[in-house]
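What you see is a predicted model; the values in this text were computed from it and never measured. Every chain is numbered from 1, with letters handed out A, B, ... down the list of sequences.
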Number of protein chains: 2
Amino acid sequence: MSSTRSKTSKRSSRGDRTRERLLNAAVELLEEGGYAAASVAAITERGGVAAGALYRHFPSKAELFVEVFRTMAESKLGHLREASAVPGTAVDKLDAIVREFTSSSLSQPRLAWALGYEPVDPLVDAERLAYRQTYRERLAELLRRGIEAGELPEQDAELTAASLIGAISEALVGPLSPVRGERVSTEKTIVAISVFCRRAVGA
Amino acid sequence: MSSTRSKTSKRSSRGDRTRERLLNAAVELLEEGGYAAASVAAITERGGVAAGALYRHFPSKAELFVEVFRTMAESKLGHLREASAVPGTAVDKLDAIVREFTSSSLSQPRLAWALGYEPVDPLVDAERLAYRQTYRERLAELLRRGIEAGELPEQDAELTAASLIGAISEALVGPLSPVRGERVSTEKTIVAISVFCRRAVGA
DNA sequence: CAGCATAGTGAATCCGAATTCACATAGTCG
DNA sequence: CGACTATGTGAATTCGGATTCACTATGCTG
């Protein structure tokens, strides 16, 4: 494909930079108006190229979004990993993760909504599902450690993990949804969710 | 509109029956292949009429689905109400509701998926959101009673309610999703979810 | 500079639905 | 029966985007 990137790394070629700009444009549009706002026309316009150019860099619009989602999810995953590096018991780590997840979602509502819930495209949905699964596995692993350590009661770690993710998501939907109702204090929300999760795992 | 239904009730007119058949066809198709399978063509074919006929009964496909969703949600709401009529403490009622919700979803996976999660149409999504809100309020009300009665610890009932719904939903997604993984025992799943919820509310 | 590949252009095309509409047909009422 | 309304027909139209493509521009390499 791009024989030009053979420079191992160095300064990126024109094409590579356009590619980047398109990806960024997609993210921005997602933040601003969700998937509906992110048409090929809009993306390419913001990227400063004509519509057709997109197809020099991605086989389809869907594939572009797969990449967007993959990137963002990977980054979020990184943050969660960092958060869980906090010293302490498994429960402490769990709590750190929950808080990180909650607060980052609250600070970029529309994006979080788009990443986690908004109907996009079958291809992208699959990607999303896959990452959700990854989150779940991470959590489950942590839970298992907590159980072994006797910090948590015996339970189906996978199911609990899934439930936790669902609980956090749903609790956030109100605040996240473009159709926002009454705005509640962010800090209060985080604490409430954190408490709920602690109780839910049996801490 | 239908001056014919002036017979107060009696036997339904031809039109009314076609209307019913279309609604049923839509539900069936939803069960079988999700929203994707429920095109106007498919619905009308199954209903035994030509495509255009649909528009004699509904202003648009979306409106038809709004009605489908409303009906099903109303029915589910009814079942939950029945379930919560079980004698006992607020926690008992809560548990009954959780079990009812879980088991009914598991027995009609595809339909539950379509009703609860599958991206459909903005108009329908709004309807769905509204009912979710209703579920949430019901649950919250119950929780509040439990808190007052001292059966449950002090907490934000609304948030807990939302979290519970999210937890159940997500825990079911695996089993519900068309992309089913390993099949787990229905009974086990119900129990596990029930236990999780009890813990989560602080029972 | 010639030559070739990579990038970019943007109007035309495609595509898969929903929706419309001019024309039947069935039902009802006086 | 005759007229008038409710229903049904289904091919043609619409529609909103994604995608293509013949052509042009850019930039590197020898």
Side-chain angles (χ1 to χ4, degrees), chain A residues 1-8 10-23 25-26 29-30 33-68 118-125, chain B residues 1-8 10-23 25-26 29-30 33-68 118-125:
Chain A
M1 305 287 170
S2 47
S3 59
T4 321
R5 65 107 157 74
S6 54
K7 289 165 195 263
T8 314
K10 208 44 180 142
R11 193 162 313 299
S12 47
S13 67
R14 177 162 77 127
D16 286 347
R17 283 192 289 121
T18 304
R19 201 186 141 87
E20 280 312 306
R21 264 182 296 127
L22 290 176
L23 288 168
L29 288 164
L30 225 42
Y35 193 65
S39 63
V40 169
I43 295 171
T44 50
E45 190 193 351
R46 184 165 305 207
V49 294
L54 187 148
Y55 296 86
R56 293 274 172 216
H57 302 282
F58 306 93
S60 73
K61 182 190 173 182
E63 297 273 4
L64 180 156
F65 273 96
V66 165
E67 193 158 327
V68 166
E118 191 177 15
V120 179
D121 179 288
L123 211 52
V124 176
D125 287 356
Chain B
M1 305 288 171
S2 45
S3 59
T4 320
R5 63 106 159 74
S6 54
K7 288 167 194 262
T8 314
K10 208 44 179 144
R11 193 162 312 299
S12 47
S13 68
R14 177 162 78 126
D16 287 348
R17 284 193 287 120
T18 305
R19 200 186 141 87
E20 280 313 308
R21 264 182 296 126
L22 289 176
L23 288 168
L29 288 164
L30 225 41
Y35 192 65
S39 63
V40 169
I43 295 172
T44 50
E45 190 195 349
R46 185 165 302 207
V49 294
L54 187 147
Y55 297 86
R56 293 275 174 217
H57 302 283
F58 306 92
S60 73
K61 182 190 172 184
E63 298 273 5
L64 180 156
F65 273 95
V66 165
E67 194 158 327
V68 167
E118 191 177 17
V120 180
D121 180 288
L123 212 52
V124 176
D125 287 356

Discussion item. For the backbone of B/Ala38 and the side chain of B/Lys61, can you confirm whether one donor and one acceptor N or O come within less than 3.5 Å of each other?
Written reply: yes
Worksheet item: Separation of B/Asp121 atom CG from C/dA18 atom C1', in whole Å?
Response: 11 Å
Worksheet item: Counting side-chain heavy atoms from CB outward, which of C/dT9, C/dA18, C/dT19 is closest to B/Ser39?
Response: C/dA18
Discussion item. Whole angstroms only, please: what is the CZ-P distance between A/Arg46 and C/dG8?
Written reply: 18 Å
Worksheet item: Looking at the side chain of A/Lys61, which of C/dA18, D/dT19, D/dG8 is the nearest nucleotide?
Response: D/dT19
Fill in: Length of the line joining B/Asp16:CG and D/dG8:P, which is rounded to integer Å
10 Å
Worksheet item: In terms of the nearest nucleotide of DNA chain D, which residue is placed more toward the 5' end: A/Tyr35 or A/Arg56?
Response: A/Tyr35
Practice prompt. Grab the CZ-P distance between B/Arg14 and D/dT5 for me, whole Å please.
Written response: 16 Å
Practice prompt. Starting from C1' on D/dT19, measure out to CG on A/Leu64 and report it in whole angstrom.
Written response: 14 Å
Worksheet item: Distance check: side-chain N/O of B/Thr18 vs OP1/OP2 of D/dG8, anything under 4.0 Å?
Response: yes
Discussion item. Check whether B/Glu118 reaches the backbone of B/Gly34 with its side chain - one donor and one acceptor, N or O, closer than 3.5 Å.
Written reply: no
Fill in: B/Glu67 side chain to B/Leu23 backbone, donor-acceptor under 3.5 Å
no
Worksheet item: Expressed in angstrom and rounded to an integer, what is the separation of B/Tyr55 atom OH from D/dT9 atom C1'?
Response: 14 Å
Response to the item:
When rounded to whole Å, the CD to C1' distance for the pair A/Glu63 and D/dA18 reads 14 Å
Worksheet, complete the sentence: Separation of C/dA18 atom C1' from B/Leu54 atom CG, nearest Å, is 10 Å
Practice prompt. May I ask you to check whether over 12 heavy atoms, not counting those of B/Glu63, lie within 6.0 Å of atom CD?
Written response: yes
Worksheet item: Within less than 4.0 Å of OP1 or OP2 of D/dG8, is there a side-chain N or O belonging to B/His57?
Response: yes
